[in-house]
Amino acid sequence: MTNDLFIYNTLTRKKEKFEPIDPPFVGLYACGPTVYGDAHLGHARQAITFDLLFRTLRYLDYRVRYVRNITDVGHLENDADEGEDKILKKAKLESLEPMEVVQHFMNRYHENMHDLNVLPPSIEPRASGHIIEQQELIRKIMEAGYAYEVNGSVYFDVNHYSKSHPYGQLSGRKIEDLISNTRALDGQSEKRNALDFALWKKADPSHIMRWTSEWSEGYPGWHLECSAMSTKYLGMQFDIHGGGMDLLFPHHECEIAQNVAGYGKPSVKYWMHNNMITINGKKMGRSLGNFITLDQFFSGDHQMLEQAYAPSTIRFFILQAHYRSPLDFSNEALQGSEKGLMRMLKAIEDLEPIIAAASSSIDVDDLVSRCDKAMKDDMNTPVLIAHLFDGVKWINGLSEGRHTITSEDLEKLRSLYHDYVYSVLGLSRPEASDPAEGITSDLVEMILQLRTDAKSNRDFDTADRIRDGLTTLGITVKDRKDGADWEIN
RNA sequence: GGUCGGUUUGCCGAGUGGCUAGGCGCUGGUCUGCAAAACCAGUUACAGCGGUUCGAAUCCGCUACCGACCUCCA
């Protein structure tokens with residue numbers, strides 16, 4: 001089995017063999033959320049995609065430093081807004097300190113990520129904590145001659161830069177097309193060219209989030225933080241930079257330009273982008289207002305949701321599509337994922353009591369290598385999951401005596417599911433967190449024992465009355481040969 | 001308008017020039033006092049029209065429709 005992982009590099013538009021700059025170390029950076037609102041399904045996809053990559057790389061024995069930032073400053077509403085950023089706008093609205101808003105939504109984001117079994121990154125830097133580094137980078141870019149100051153604001157000179165460097169390579173754009181298609185917005189008169197983007201913005205008097213600098217009291221432009229923080233923690237050259245496809249242009253394109261202008265060469269070897277979640281065929285996003293937050297999914301409290309969905313169901317739903325394909329939300333699809341996940345998890349539990357035999361009637365090695373191949377093919381989780389479901393059929397066959405397995409193969413099969421389902425895919429059985437759950441459980445067990453006794457006395461009236469009573473309470477009884485299982489609906 | 005991508009069976013979604021993706025649903029069956037659950041089996045599609053090929057859903061062209069980005073966005 002080789003260790004060759006292939007990943008799709010947006011920069012070259014090809015799947016490439018992953019070769020770290022300094023093996024076994026891997027530097028991974030992914031653009032995290034802007035914390036001015038609750039996280040929605042799209043944020044989950046971004047986080048899960050790069051969590052999956054983080055887990056996959058670790059599974060392949062790489063030593064990974066994963067940096068995922070928190071944007072807590074500097075995202076301009078648009079250039080015409082003259083100094084009011086999103087954080088600040090929300091803060092005014094709710095009469096809170098900007099940092100309080102940031103803290104609030106950051107905490108909630110962390111809770112959501114925990115629920116989704118997204119591992120904490122190695123470092124989670126915040127833009128507001130790296131103003132010095134960002135200013136440093138602005139100076140470097142100015143020294144190199146690729147930025148200019150106007151009225152206390154500093155802009156990147158895209159036109160000048162593009163004369164000696166390719167601009168638009170990552171997003172596949174041509175500078176001429178960009179020039180002819182860029183909308184002329186109000187308040188851009190300061191810029192030499194409509195394509196130029198802000199590195200530093202002078203704050204207007206009403207703007208409370210501000211820092212001092214040699215140019216003005218102001219705040220950094222929104223592309224700058226990722227350039228500054230990624231290189232601070234991962235070095236001038238690092239392996240992988242990820243984010244949502246919607247960040248490709250202009251955000252990541254600008255990042256490349258900033259790094260080349262400031263540091264002399266590009267910093268990122270592989271660019272990876274996850275696709276969007278759609279809802280009724282349209283991208284789910286804050287700006288469109290058509291999003292469903294993760295909390296709403298978990299509670300079922302949204303008009304479009306027919307029920308609550310467990311975090312692991314959401315995770316499985318996302319992993320059942322390839323990260324570069326769009327994924328359309330629907331209740332039907334989510335319910336399908338819920339059922340499928342339960343079936344998979346049940347099979348893994350059923351793996352435990354299986355007893356080994358002298359020979360195997362199933363080809364475990366083949367299954368292992370198919371799974372391995374799927375995962376190393378640009379993290380093809382839908383195919384991996386399809387293979388794992390093939391194995392589920394085998395496990396059921398083993399449980400029912402239709403298949404046999406040697407102890408060696410059984411061990412392989414158990415680690416296969418443990419490694420892929422739990423460690424790499426990061427799936428888990430939805431756990432009951434209600435403290436009353438334990439007592440409920442004991443009570444139901446006790447009642448069911450009475451019913452089993454009644455059944456063995458052929459007192460089916462009593463048995464049925466007990467079952468009907470439990471059904472009314474929302475407890476489904478599932479008879480086995482030697483008793484009964486149950487679940488709360 | 002420009003750039004890029006997509007259109008797969010009831011739904012969600014993989015994939016490849018010739019060989020059953022998978023899940024859900026549905027249908028049938030096994031098990032069961034009955035039911036449910038579980039398990040097993042069945043369920044063969046690739047927008048339209050041309051072309052290349054022994055053979056295309058898979059390659060090429062055109063058409064239709066959809067989406068993303070071009071302004072903050074995961």
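The sequence lines fix the lettering, A, B, ..., with proteins before strands; numbering per chain opens at 1.
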Closest of B/G25, B/G15, B/G33 to the A/K339 side chain is B/G25

Rounded to whole Å, the CD-C1' distance (A/E176 to B/U3) equals 13 Å

Under a 4.0 Å heavy-atom cutoff, the residues of residues 387-396 of chain A touching RNA chain B are A/F389, A/D390, A/K393, A/N396

With sequence neighbours left out, the residues meeting side-chain contact (heavy atoms from CB on, under 4.5 Å) with A/D157 are A/Y148, A/N159, A/H160, A/R192, A/D196

- State whether a side-chain donor-acceptor pair under 3.5 Å links A/D468 with A/T471. no

To the nearest angstrom, the CD-P distance between A/E253 and B/C4 comes to 14 Å

(Q) Hydrogens and angles aside, do A/S128 and A/D72 bring a side-chain donor and acceptor to less than 3.5 Å of each other? (A) yes

Has A/K174 got a side-chain N or O lying under 4.0 Å from the OP1 or OP2 atom of B/G2?
no

Looking only at B/C69, B/A74, B/G33, the nucleotide nearest the A/H43 side chain is B/A74

| Any side-chain N or O of A/N380 under 4.0 Å from OP1/OP2 of B/G15? | yes

Side-chain-base donor-acceptor pair under 3.5 Å for A/R467 and B/C34: yes

Item to complete: Classify the nucleic acid contact of A/S171 as base, sugar-phosphate or nothing, counting any heavy atom under 4.0 Å across all strands shown.
Response: nothing

Rounded to whole Å, OH of A/Y219 lies from P of B/C72 at a distance of 12 Å

Here RNA chain B, pairs taken as Watson-Crick or G-U under 3.5 Å and shown with ( ), [ ] when crossing and | when to another strand, reads (((((((..(((.....[...)))((((((.......))))))...(((((..]....))))))))))))....

### Query
Can you check whether A/M375's main-chain N or O pairs, donor with acceptor, with A/N380's side chain at less than 3.5 Å?
no

Whole-Å distance, A/D328 CG to B/C12 P, equals 7 Å

TODO: Would you please say whether a donor-acceptor pair under 3.5 Å links the side chains of A/T293 and A/H40?
DONE: no

Of B/G13, B/C73, B/G33, the nucleotide closest to the side chain of A/R458 is B/G33

Ranking B/G23, B/G33, B/A74 by distance to the side chain of A/L247, first place goes to B/A74

Those residues at least two apart in sequence (or on a different chain) that pass salt bridge (Lys or Arg N to Asp or Glu O under 4.0 Å) with A/D377 are A/K15

Residues at least two apart in sequence or cross-chain that pass ring-ring contact (aromatic ring centres under 6.0 Å, His included) with A/Y422, listed by chain then number, are A/H418

| query | Which value, in whole Å, describes the distance between the C1' atoms of nucleotides B/A56 and B/C66? | reply | 24 Å

Exercise for review: For B/U58 and B/C73, measure between their C1' atoms and round to the nearest Å.
Suggested key: 35 Å

Of A/L327 and A/P250, the one whose closest nucleotide on RNA chain B sits nearer the 5' end is A/L327

A/Y323 OH to B/A14 P, in whole Å, measures 12 Å

*Write down the distance separating the C1' atoms in B/A45 and B/U8, rounded off to the nearest Å.*
6 Å

May I ask you to verify if any side-chain N or O of A/S337 is less than 4.0 angstrom from the OP1 or OP2 atom of B/C24? no

| said: Does A/D464 reach a base, just sugar-phosphate, or nothing at all? Heavy atoms under 4.0 Å. | reply: base

Residue set satisfying side chain to side chain donor-acceptor pair (under 3.5 Å) with A/N290, at least two apart, ordered chain then number -> none

Residue set satisfying side-chain contact (heavy atoms from CB on, under 4.5 Å) with A/P326, at least two apart, ordered chain then number -> A/N275

Of the listed B/G33, B/A74, B/C70, the closest approach to the A/M284 side chain comes from B/A74

Separation of B/A74 atom P from A/W222 atom CH2, nearest Å, is 10 Å

Q | Check: B/G15 base within 3.5 Å donor-acceptor of A/D377 side chain | A | no

Sequence neighbours excluded, the answer for salt bridge (Lys or Arg N to Asp or Glu O under 4.0 Å) partners of A/R108 is A/D38, A/D295

> Less than 4.5 Å apart, any side-chain heavy atom of A/L28 and any of A/D239?
Replying inline: no

Exercise. Tell me what A/R173 touches on the nucleic acid: a base, only sugar-phosphate, or nothing, going by heavy atoms under 4.0 Å.
Key: base

ring-ring contact (aromatic ring centres under 6.0 Å, His included) filter on A/H241, not counting sequence neighbours, yields A/Y29, A/H252, A/W271

The side-chain contact (heavy atoms from CB on, under 4.5 Å) partners of A/Q320 (sequence neighbours excluded) come to A/F316, A/S337, A/I385

Quick note, ring pair (Phe, Tyr, Trp, His ring centres under 6.0 Å) partners involving residues 327-350 of chain A, not counting sequence neighbours, are A/F297-A/F329

Considering only heavy side-chain atoms of A/R451, the closest of B/C70, B/G33, B/A68 is B/G33

Using a cut-off of strictly less than 4.0 Å, decide whether A/R343 has a side-chain nitrogen or oxygen near OP1 or OP2 of B/C39. yes

Report which part of the nucleic acid A/G42 touches: base, sugar-phosphate, or nothing (heavy-atom distance under 4.0 Å, all strands).
-> base

Within residues 270-281 of chain A, those residues having any heavy atom closer than 4.0 Å to RNA chain B are A/N274, A/N275, A/M276, A/I277, A/G281

Taking B/C70, B/C69, B/A74 as options, the one with an atom nearest any side-chain atom of A/L178 is B/C70

Separation of B/U9 atom P from A/E332 atom CD, nearest Å, is 13 Å

Whole-Å distance, A/H223 NE2 to B/A74 P, equals 14 Å

